[in-house]
There are 2 protein chains.
Amino acid sequence: MATIMDVAREAGVSRSTVSRVLNNRGEVDAETSQRVRAAIAKLDYFPNASARALAKQKTDTIGVMLADLSDPFYERMIKGIQQVADQHHYSVAFYNSRDDLTDHRNIVSSALRGNRVDGLLIVGSYIGDSDTVLHLISSGLPIALIERYTDHPSVPCVVCDNVGAAKIATKHLLNMGHTRIGCITGRLDFQSGIDRLMGFREALAEHSVSIDEELIIQGNFQNNCGYRAMLRLMEMSNPPTAVLASNDMMAIGAIRAASELGIGIPEDVAIMGFDDITFAAMIHPQLTTMRQPLFKMGSFAAEQLIHVINHGHSTTRNEATIGAKEVLQAELVVRKSCGSVT
Amino acid sequence: MATIMDVAREAGVSRSTVSRVLNNRGEVDAETSQRVRAAIAKLDYFPNASARALAKQKTDTIGVMLADLSDPFYERMIKGIQQVADQHHYSVAFYNSRDDLTDHRNIVSSALRGNRVDGLLIVGSYIGDSDTVLHLISSGLPIALIERYTDHPSVPCVVCDNVGAAKIATKHLLNMGHTRIGCITGRLDFQSGIDRLMGFREALAEHSVSIDEELIIQGNFQNNCGYRAMLRLMEMSNPPTAVLASNDMMAIGAIRAASELGIGIPEDVAIMGFDDITFAAMIHPQLTTMRQPLFKMGSFAAEQLIHVINHGHSTTRNEATIGAKEVLQAELVVRKSCGSVT
DNA sequence: CTGTTAGCGCGTTCAC
DNA sequence: GTGAACGCGCTAACAG
């Protein structure tokens, strides 16, 4: 593997000059520059990332810590992050936290404190790890939060208005005439799980529909859980005519349950999801759901993080907006699983 | 950020000693070791990854180049890779090639030639990029191939027997009495697409079932494509009674098409998938499919790659097995979409 | 068992 | 416009 020294020798110049043309820093004679470029091409030279990182104290890499990289939920968010990273010529490194506190700490250590990344994007509203995040924030390293919030002014946060979105979803059902509405909740040690349930309750209250606690089944965001919950709901003596699942995974499980029971969707029961994962439009019936702006959430957070890395503070957190967070709105996507408004 | 020098000062020893206890290299006095550890803890010290990589000429990171990190197809494979990497204390960096040749080259440059990774796992059977891969192989850097093959003895490869698997799938249909079987192929510029179609043809031939070319529809592995293909198949005057899709994504699209048409699965038409992605078991009817050993493929390839990195050659490619590749078998998973054998 | 000395490959002052 | 010299933080001989 050729080094910068080899290139310098080949071009008959010093290392510094090669470094200059590499980073187009300072003025270099055009002819000299050409010679250097030729040498680079001839030797098939490529700068060593570690050496560069060590000298510059910068890795040009951002880390992303999330529960499970393979979860389809993250698909659009990851694409958003990657797009922005590409634009700014940053690489991105992924770390699976599995919502495990030990993993969390290890990741933070090896990634951030080991200077593997210039900053870290922390994704997820699991509330069991709050002190890890707080500790991280107080260390002063560049981080940004997605689906999570902090008051600290130098930390950009981007969240979806889960309460509001759940209200919209519920009201959509209400507006279609449903009054017995079941709810399959997410994990209630996740802020998003809590908020969506709250939105559901608020919407019902605002429409003066009394809520039957029996119709609220605690779930965990998993497909099978949605399946089982739906089974329970449907075997009730007085089953709901509509069901709001706290994410698409569970909604898809609920659809499977209803289908197996021969219950028609949406004729017999309407099912509404949340997130709009890619699969939501691929199944039958296509899922009506609240589309989270996941791409935007990812790209925005990445943009903010890179800005903090480069300038030391967030754009949205200037004097006028200290303590502000970026709250994005989800959008109702009407497909087939709840029928159509008449 | 504390450095190794700070720790040395704090503990009253030299940097080398700190380095020794850090890497437990050579014998260090127990008491000294304790002092060093105490200093490390006190200063909250963590070694700088770039510096270490530069000094050791080793990043302890492997790269994974695949078309689209977010594709659910890769879920189990990625988990397999990560598990092995974890065991060997390697990090893994992902690169999306998007099957784009330019991207390919950029990745190879910045990742491998820039010494960001110690080796690269190349995933995918897209045959348009063969020379890139060949070029890479000839460069002598440690790589391993998944879903792809080369004769070069120092390059580990792991593939699934797609031809055999497609035969098993087709025969399953045949054994259930189907003779008019439709086939939705994958992209035919992917080796996997070609092989699965071949297996389909061979199985029919072996059962002396003449094949109606009209029933073979060229697809591209995408959900919508499966949907449209199924629509075409079903509107034929003499539609097939069973359909083999070349992957689950298309099979799921086909199920959606049939469901919308009110065609019963499996009563009116059996649908078989390929891959066994997580969603295959989540939809209605649950998909009967060929389960690729994706976790195994990922873990095995990672194991091999790390071995090549550490020892300079593959375990499976010794004198006795030069030119051998690891061929894993897919497994028939019978669920609901093809009915049950009677 | 431990400290000293040399790099690893590159960016970045400084002089010239 | 260009080169020499130093340092980034760490590992790896080599002495002692």
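Order of the sequence lines fixes the chain letters, A, B, ..., with proteins taken first and strands second; residue numbering starts at 1 for each chain.
- In this structure, the CD1 atom of B:Ile4 is 8 Å from the C1' atom of D:dG9, given to the nearest Å.
- Annotation: cation-pi pair B:Lys325/B:Tyr149 present, NZ/CZ under 6.0 Å from the ring centroid and within 45° of its normal.
- A salt bridge is defined here as a Lys NZ or Arg NE, NH1 or NH2 lying under 4.0 Å from an Asp or Glu carboxylate O, and A:Arg98 with B:Asp86 meets this definition.
- In this structure, A:Asn48 places its CG atom 6 Å from C1' of C:dG9, rounding to the nearest Å.
- A salt bridge links B:Asp44 and A:Arg113; the closest N-O separation between the charged side-chain nitrogens and carboxylate oxygens is under 4.0 Å.
- Distance CG (A:Asp29) to P (D:dT2): 5 Å, rounded to an integer number of Å.
- When rounded to the nearest whole Å, the span between CE of B:Met1 and P of D:dC10 equals 11 Å.
- Under the 4.5 Å side-chain criterion, counting only non-hydrogen atoms from C-beta, B:Ile146 is not in contact with B:Glu326.
- Between the CE atom of A:Met5 and the P atom of C:dG11 there is a distance of 14 Å, rounded to whole Å.
- Between B:Arg9 atom CZ and C:dG3 atom C1' there is a gap of 15 Å when expressed in whole angstrom units.
- Considering only heavy atoms from C-beta on, B:Ile309 comes within 4.5 Å of B:Ile62 through its side chain.
- Between A:Tyr45 atom OH and C:dG9 atom C1' the separation is 7 Å, expressed in whole Å.
- Using a 4.0 Å heavy-atom cutoff across all strands shown, A:Val18 reaches no nucleic acid atom at all.
- Toward the 5′ end of DNA chain C lies the nearest nucleotide of B:Gly12, the other residue of the pair B:Gln57 and B:Gly12 mapping further downstream.
- Using a 4.0 Å cut-off, some side-chain N or O of A:Thr32 falls inside it from OP1 or OP2 of D:dT2.
- Residue A:Ser14 places at least one side-chain N or O closer than 4.0 Å to OP1 or OP2 of D:dG3.
- Contact between the side-chain N/O atoms of B:Thr17 and the OP1/OP2 oxygens of C:dG3 is found at a separation under 4.0 Å.
- In this model, a donor atom of one side chain and an acceptor atom of the other lie less than 3.5 Å apart for A:Ser154 and A:His152.
- One interatomic measurement links the two molecules: CZ of A:Arg116 to C1' of D:dC10, which rounds to 14 Å at whole-angstrom precision.
- Using modelled atom types, one finds no donor on one side chain facing an acceptor on the other under 3.5 Å when comparing A:Asp103 with A:Ser97.
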Under 3.5 Å between N/O atoms: give me all the protein pairs with nucleotides 12-16 of chain C, atom names plus distance.
| unit_1 | atom_1 | unit_2 | atom_2 | d |
| --- | --- | --- | --- | --- |
| C:dT12 | OP2 | A:Arg25 | NE | 3.0 |

